[in-house]
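To find a chain, count down the sequence lines: A is the first, B the second, and so on, and within it residues start at 1. What's counted below: heavy atoms across the whole structure, side chains too, no hydrogens, waters or symmetry copies.
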Amino acid sequence: MLSSDNRISYSKERLLWLSKRYLEMLRTPVSRLPPEVLERIFSFCTFLEPPSMREFSEGSYDLGWIKISHVCRSWRQISMNFAALWTDIAAPYLPERWVFEMLARSKNAPLSLMLYMSKHPPMPESPVLRHIIGPRIVPRLRHLKLDYSEAGRYGDTTIHILRQHVSAPLLESLSISGRSEYILPEDIFSSDTPSLRTLRLRQCLLPWDAPLLFHIAHLDIELSKNSVMTSDLGYIDLYQRMSFALERMSKLETLGLHNVFPMGDDGALIHLPQRLSELTLGGAPRPCIEFASHLVIPRTTHTHIFIDGSGSLNLTSLLAQFGGPSRPPRTLLIDLSLSSDFSLQLWDERRDRLSVQSHTAYFTLDVGRSTARRAPDSYHFGSLCDGLCMDELTDVFFEANLSRTWMPHRWLETFRGVGKVESLYVRGTRAAASVFYAMRVHRDFEDMSPDAVLFPSLKIFGLCDVDLEFMVEGLTGCFPFYEVLCAALDKRFLLGLPIKRLILPEEYAGSSWMKGMKELYELPDDITYDPHLEKEPRSRPLTSL
Amino acid sequence: MPTIVSVDDSTVPGEGSSRLLLLVSSDNKHIVVEEDIMSRSRFISKQVEGFEATSQRHAILLPFSSFVLNKVIEYCSHYRGYYLLEDDPDAAPPGRSPVREWDQEFLDVDRNMLLRIIKAAHYLEIKSLVGSCARAIADMIRGKTTEEMREILGVENDFTPEEEHSPSSKCTG
């Protein structure tokens with residue numbers, strides 16, 4: 001046991017030593033970073049600044065992150081010896097000699113590879129390609145993205161080479177963009193891909209009885225709009241095969257099918273795996289809805305349906321799929337924004353109300369100007385909401401970008417009295433204006449928590465006991481601005497809250513009515529007029545909500 | 001690993017359900033912090049395990065200043081009780097850490113401070129903080145020329161002219 005004096009003496013020496021070391025470190029801070037810390041920094045650089053074929057001057061390409069190996073000796077040594085840095089190879093964007101160099105520097109580390117095959121030079125004669133799809137590289141692949149959509153028959157030949165006795169034991173994700181609904185061989189990678197969990201196919205298909213499908217957790221298939229899934233593609237009993245496969249993919253967690261809807265079903269239901277957490281269906285109205293009506297979707301699955309195309313659409317049958325207590329979805333999103341034109345019958349008023357026992361509902365309607373002009377009011381969501389019983393609804397996301405048509409207030413009334421609605425998100429100039437107008441008319445909305453109301457294009461935020469921040473943007477001349485502002489201010493009065501900060505578009509600065517408003521509502525003197533406030537609502541993807 | 005000295009019981013105030021640690025910085029500042037806050041640090045956790053084995057109470061000497069140490073403690077306090085994947089010893093090795101908004105603000109400091117924090121985080125084995133700092137440094141040098149990188153981070157060019165222009169060392173041709 002050390003005496004107290006010795007302990008103190010030891011501590012002092014130790015502190016002195018540490019202080020010296022610390023001062024040394026300060027002199028050249030970066031060069032004293034431990035190699036593993038530098039490796040961590042470099043690994044971020046690889047995706048922040050990938051190298052590319054962009055040519056600065058003759059024969060000089062954009063090195064991207066590789067520049068770090070030119071900074072100093074220690075950085076060069078560390079980067080050269082850190083194999084994981086060199087494993088993310090986007091072959092289409094690199095000169096061939098770089099691809100070979102990176103493959104060499106990556107040593108035996110697992111690879112993420114992106115390949116794009118063009119007609120020139122003719123594939124698969126390319127030395128890079130022959131090397132990459134050969135027996136030395138394929139077993140190292142962890143992620144492979146292969147695009148041969150423009151390679152013609154050479155691409156097909158390459159795919160067939162991948163069949164030949166080459167297994168991919170490390171392969172976790174595979175993405176193939178093919179051409180003209182080409183059917184891939186079912187024994188690609190000799191059907192030996194034990195780690196494969198994610199499969200994305202674009203313009204190509206894999207037979208539904210291919211062995212590698214059965215361990216997939218994430219499957220996404222997209223065919224072109226005009227493709228028709230019939231026996232012309234080489235399938236017999238396509239619906240039955242697809243049904244058989246989907247029911248046996250017990251590990252499936254996400255499924256996306258875009259224009260992949262077999263025709264001529266036999267009416268049998270397809271029971272989707274219980275683990276499925278997200279289902280996305282996209283395509284033309286009729287086949288999409290017909291296919292959806294044959295699915296038995298687990299209760300916990302978030303379902304997104306994107307209707308893309310023109311034609312007559314009757315949502316009744318689609319909604320009926322989700323009706324009743326036995327098949328309530330967790331989330332139902334119906335997105336009509338891709339529709340170029342439509343004749344929409346949202347609800348048949350003669351039917352009984354449909355019970356959608358969902359906690360979250362998304363309604364998206366993004367109508368182009370030309371279409372909207374022709375669309376009568378009755379097509380809008382008031383009628384849809386009339387058809388829904390939303391007793392369990394707690395969150396509503398309503399996105400409507402209606403630039404020409406009038407937004408009826410009916411849909412808002414639907415939410416009034418729905419006790420559990422806690423948040424209401426509204427996007428769109430018209431929608432926002434309409435909501436405020438409705439609030440002024442229907443004071444019942446005061447029951448709704450003000451914190452829960454968010455208008456991205458007409459913003460109230462920070463609504464708490466003392467602060468009210470109110471921002472107006474994106475209003476067009478169609479709806480009088482002052483009416484909207486008055487409505488908002490009325491609401492503020494009702495709530496008894498002072499306005500702390502007010503931000504308005506610059507164009508409203510100095511107007512006479514603004515002066516009157518200031519006196520009437522005791523607005524703060526330091527109103528901010530922001531020249532950068534956009535007149536049109538800022539586009540925000542629904543997913544960001 | 002000469003970072004531990006025994007201390008008198010009186011040096012560490014309090015003892016109860018929330019245990020306290022005494023951290024001593026290189027500028028000899030004594031900082032008392034709850035063990036729970038610093039549990040994100042693998043280094044500290046290992047030290048504490050060592051204390052339990054010897055049933056002695058210790059102060060932990062650390063080779064960085066109180067200013068840096070306080071920043072690290074601020075980080076650990078903010079994420080107290082939070083699960084961060086990068087700090088899970090059972091999780092896979094950290095890849096590209098997500099960009100957390102609070103971290104960006106927290107790391108909005110000058111270059112030297114950032115480098116000191118990353119070194120301290122590395123020493124203390126706080127992987128999430130190392131990741132956030134690494135991301136911030138990578139952002140600083142993004143899109144810069146080699147010369148600019150040297151200038152920004154204070155790195156000396158120690159290549160000989162021959163080495164600098166050696167094509168064998170570059171991915172160029």
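When every heavy atom of A:F47 is checked against every heavy atom of B:R135, the shortest pair comes out as CZ-NH1, 3.4 Å. Nearest heavy-atom pair across B:L153 and A:W75 is CD1-CH2, 3.6 Å. A pairwise comparison of heavy atoms in A:S69 and B:F159 identifies O-CZ, 3.9 Å as the closest pair.
Rounding to the nearest 0.5 angstrom, the gap separating the CD1 atom in A:I41 from the CG atom in B:D139 is 11.5 Å. Note: A:R40 CZ to B:I137 CD1 = 11.5 Å, rounded to the nearest 0.5 Å. Taken to the nearest 0.5 Å, the CG atom of A:L48 stands 9.0 Å off from the CD1 atom of B:I141. Separation of atoms CG (B:N157) and CZ (A:R73) is listed at 9.5 Å; rounding is to 0.5 Å. Note that the CZ atom of A:F44 and the SG atom of B:C133 stand 10.0 Å from one another [nearest 0.5 Å]. Considering CG of A:L33 and NE2 of B:H122, their distance stands at 9.0 Å, rounded to 0.5 Å.
Between the side chain of B:D158 and the main chain of A:C72, no donor-acceptor pair closer than 3.5 Å is present. The backbone N or O of B:K144 lies less than 3.5 Å from a partner atom in the side chain of A:K67, making a donor-acceptor pair. Under a 3.5 Å cut-off, the side chain of B:R142 and the backbone N or O of A:C45 do not form any donor-acceptor pair.
Taking a 6.0 Å sphere around CD of A:Q77, one finds it holds 12 or fewer heavy atoms contributed by other residues, nucleotides or ligands. Taking a 6.0 Å sphere around CD of B:E151, one finds it holds 12 or fewer heavy atoms contributed by other residues, nucleotides or ligands.
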(request) Check step by step if side chain to side chain contact (heavy atoms under 4.5 Å, CB included) holds for A:I68 and B:M149. (result) CA-CA 8 Å; A:I68 60 177; B:M149 286 186 200; 4.1 Å; yes
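By the side chain to side chain donor-acceptor pair (under 3.5 Å) test, A:T254 is found to be paired with A:H218, residues two or more places apart in sequence or in another chain being considered. B:S25 is linked by a side-chain contact (heavy atoms from CB on, under 4.5 Å) to B:D27, B:K29, B:S66, B:L69, counting only residues two or more places apart in sequence or in another chain.
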